[in-house]
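Accompanying notes for the structure given below.
Counting convention: from 1, in listed order, for ligands and their atoms alike.
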Amino acid sequence: MDISIIVPTFNEAANVGPLVAAVGAALDGSDYEIVFADDSTDSTPDIIRKVGETDPRVRMHHRTRGRGLATAVVEALPVARAEIIVVIDGDLQHPPDMIPALLAAASEGVDMVVASRYMPGGWDSGLSGPHRRLASKATRLAAYLILPRSRLTTDPLSGFFVFRRAVVEAAALRPIGYKILLEILVRGRVGKVVDVPFGFEPRQAEQSKAGLREAFNYLRQLWRLRV
Ligand SMILES: Nc1nc2c(ncn2[C@@H]2O[C@H](COP(=O)(O)OP(=O)(O)OP(=O)(O)O)[C@@H](O)[C@H]2O)c(=O)[nH]1
Ligand SMILES: [Mg+2]
């Protein structure tokens, strides 16, 4: 197993099939697995199990009580089997056809590759409305001011990235909310980071789970990582 792709999902029933197909097309010929880190309350887990019956590369870590993107990813890490880990949203806002470019950038000596909305060639128009774009810029600025290690990348709040398992092996990851990359940057053993630009497009199916609660969680996480 060369590559483990961890996909956090909360009620993404309509997106599971298209995502698995898109990853398959992008990584045709590679030795990979997809591990869904699922907290869904809809039919998403049934769909994932069904896909897994015909495609053994598709597996799931399902929580019935948990909630939270970042802890879902952390809990899926021991389930994943490869040394190279890809984290990607399950709603297709992160283009799976970019995974090969991220993997190619993860050459010898590179610990982490971040798909960045905030470098030349990237964009964030998928954030619904100007208020979310502004909020995204403000949260990034807050991270830069409060957590120096977040400056390793142009997009420390991206949810689309690749890392070597060794980076988190000795790390006590205790994230709150959404921002798993920030947690790894601060608590992991991250040396060299490479950014690759990507365009964040609007969600096509199902609903957003981001909201005020996540804004509050973010402030709590910043505080916890700082102290
Ligand atoms: N396991 C798990 N996954 C979650 C949770 N909340 C969100 N997700 C997943 O994490 C990914 C990102 O969540 P989104 O709601 O799309 O957040 P976003 O992309 O910032 O918001 P939109 O642009 O509105 O889609 C999606 O694949 C969600 O299904 C959660 O509590 N648990
Ligand atoms: Mg989304």
Fill in the blank from the handout: The protein heavy atom nearest to atom 12 (C) of ligand 1 is Asp89 OD2, 3.2 Å
Exercise for the section: Indicate whether any N or O donor in one side chain lies under 3.5 Å from an N or O acceptor in the other, for Thr71 and Arg63. Expected result: yes
Practice task
Only pairs at least two apart or in different chains count here, so list each salt bridge (Lys or Arg N to Asp or Glu O under 4.0 Å) that has a residue in residues 114-132.
Solution key: Arg117-Asp155, Asp124-Lys137
Exercise for the section: Could you tell me whether some N/O pair between Gln207 and ligand 1 is separated by less than 3.5 angstrom? Expected result: no
Handout entry: Side-chain donor/acceptor of Arg174 to backbone N/O of Arg224, under 3.5 Å
Key = no
Problem - ligand 1 N/O within reach of Asp38 N/O, cut-off under 3.5 Å - result: no
Fill in the blank from the handout: min-distance protein heavy atom vs atom 1 (N) of ligand 1 -> Ala37 O, 2.8 Å
Completion exercise
ligand 1 atoms nearer than 4.0 angstrom to some heavy atom of Tyr178 are 6 (N), 7 (C), 13 (O), 14 (P), 15 (O), 17 (O)
Fill in the blank from the handout: Among non-hydrogen protein atoms, atom 9 (C) of ligand 1 lies closest to Pro8 O, 3.4 Å
Handout entry: Distance from atom 32 (N) of ligand 1 to nearest protein heavy atom, with residue and atom
Key = Asp39 OD2, 2.7 Å
Practice task
Treating Ile, Leu, Val, Met, Phe, Trp and Tyr as nodes and any side-chain heavy-atom pair under 4.5 angstrom as an edge, say whether Met98 and Leu19 lie in one connected cluster.
Solution key: yes
Practice task
Report yes or no: does Asp195 contribute a side-chain atom to a donor-acceptor pair with the main-chain N or O of Ser116 at less than 3.5 Å?
Solution key: no
Exercise for the section: May I ask whether Arg63 places a heavy atom under 4.0 Å from ligand 1? Expected result: no
Exercise for the section: Among all protein heavy atoms, pick out the one at the shortest distance from atom 15 (O) of ligand 1; state its residue, atom name and that distance to 0.1 Å. Expected result: Lys209 N, 2.7 Å
Practice task
Would you check, one step at a time, whether the test side-chain contact (heavy atoms from CB on, under 4.5 Å) holds for Ile47 with Phe36?
Solution key: CA-CA 11 Å; Ile47 294 169; Phe36 284 92; over 6 Å; no
Practice task
Spell out, yes or no, whether Phe163 and Val194 are grouped together once hydrophobic residues are joined by side-chain heavy atoms under 4.5 Å, including indirect joins.
Solution key: no
Practice task
Please state whether Gly159 comes within less than 4.0 angstrom of ligand 1, counting heavy atoms only.
Solution key: no
Handout entry: Flag, side chain of Arg189 to backbone of Glu169, donor-acceptor distance under 3.5 Å
Key = no
Handout entry: Heteroatom proximity flag, Phe200 to ligand 1, N/O under 3.5 Å
Key = no
Exercise for the section: Answer yes or no: does an N/O atom from Ser128 fall short of 3.5 Å to an N/O atom of ligand 1? Expected result: no
Practice task
Begin with the C-alpha distance, continue with both residues' side-chain angles, and end with the deciding distance and a verdict on side-chain contact (heavy atoms from CB on, under 4.5 Å) for Leu222 and Leu182.
Solution key: CA-CA 9 Å; Leu222 275 186; Leu182 190 61; 4.0 Å; yes
Handout entry: Same cluster (ILVMFWY, side-chain, under 4.5 Å), Leu103 and Ile88
Key = yes
Practice task
Using atom types as modelled and distance alone, determine if a side-chain donor or acceptor of Arg149 lies under 3.5 Å from a backbone N or O of Val190.
Solution key: yes
Problem - Criterion side chain to side chain donor-acceptor pair (under 3.5 Å) on Thr44 and Thr9, from CA distance to verdict - result: CA-CA 8 Å; Thr44 303; Thr9 44; over 6 Å; no
Completion exercise
of all protein heavy atoms, closest to atom 5 (C) of ligand 1 is Phe10 CB, 3.5 Å
Exercise for the section: Compute the minimum heavy-atom distance from Leu69 to ligand 1 and say whether it is under 4.0 Å. Expected result: yes
Exercise for the section: Report the C-alpha separation of Met112 and Ile184 in whole Å, then their side-chain angles, then the decisive distance to 0.1 Å, and conclude whether the side-chain contact (heavy atoms from CB on, under 4.5 Å) test is met. Expected result: CA-CA 10 Å; Met112 182 173 248; Ile184 294 174; 3.6 Å; yes
Problem - Top protein contact for atom 19 (O) of ligand 1, by heavy-atom distance - result: Gln93 OE1, 2.8 Å
Practice task
For the pair Lys179 (side chain) and Gln221 (backbone), establish whether a donor and an acceptor sit closer than 3.5 Å, ignoring hydrogens and angles.
Solution key: no
Handout entry: Leu181/Leu157 under side-chain contact (heavy atoms from CB on, under 4.5 Å): CA gap, chis, key distance, verdict
Key = CA-CA 6 Å; Leu181 173 58; Leu157 306 178; over 6 Å; no
Exercise for the section: Identify, by atom number and element, the atoms of ligand 1 in contact range of Asp91, meaning under 4.0 Å from any of its heavy atoms. Expected result: 16 (O), 19 (O), 25 (O), 27 (O)
Problem - Atoms in ligand 1 flagged as close to Ala72, the criterion being non-hydrogen separation under 4.0 Å - result: 1 (N)
Exercise for the section: Using atom types as modelled and distance alone, determine if a side-chain donor or acceptor of Asn11 lies under 3.5 Å from a backbone N or O of Asp42. Expected result: yes
Completion exercise
Restricting to heavy atoms, the pick from Pro202, Gly129, Gly211, Ser208 nearest atom 21 (O) of ligand 1 would be Ser208
Handout entry: Option passing side-chain contact (heavy atoms from CB on, under 4.5 Å) with Ile6 (candidates Val86, Leu77, Ile180)
Key = Leu77
Practice task
Examine Gly90 against ligand 1 and note whether any of their N/O atoms are separated by less than 3.5 Å.
Solution key: yes
Handout entry: Short side-chain to backbone donor-acceptor contact, Glu33 and Met1, under 3.5 Å
Key = no
Fill in the blank from the handout: Atoms of ligand 1 under 4.0 Å from any heavy atom of Gly68, numbered from 1 in the order shown, are 30 (C), 31 (O), 32 (N)
Problem - Pick from Leu92, Val7, Thr9, Leu19: the one approaching atom 3 (N) of ligand 1 most closely through a non-hydrogen atom - result: Thr9
Exercise for the section: Using a strict cut-off of 4.0 Å, indicate which atoms of ligand 1 neighbour a heavy atom of Glu12. Expected result: 26 (C), 27 (O), 28 (C), 29 (O)
Practice task
Provide the tally of protein N/O/S atoms nearer than 2.8 Å to the Mg ion (ligand 2).
Solution key: 2
Handout entry: Protein contact to atom 20 (O) of ligand 1 [nearest heavy atom, distance to 0.1 Å]
Key = Arg132 NH2, 3.1 Å
Completion exercise
Logged contact type for Arg67 with ligand 1, heavy-atom cut-off 4.0 Å, is both
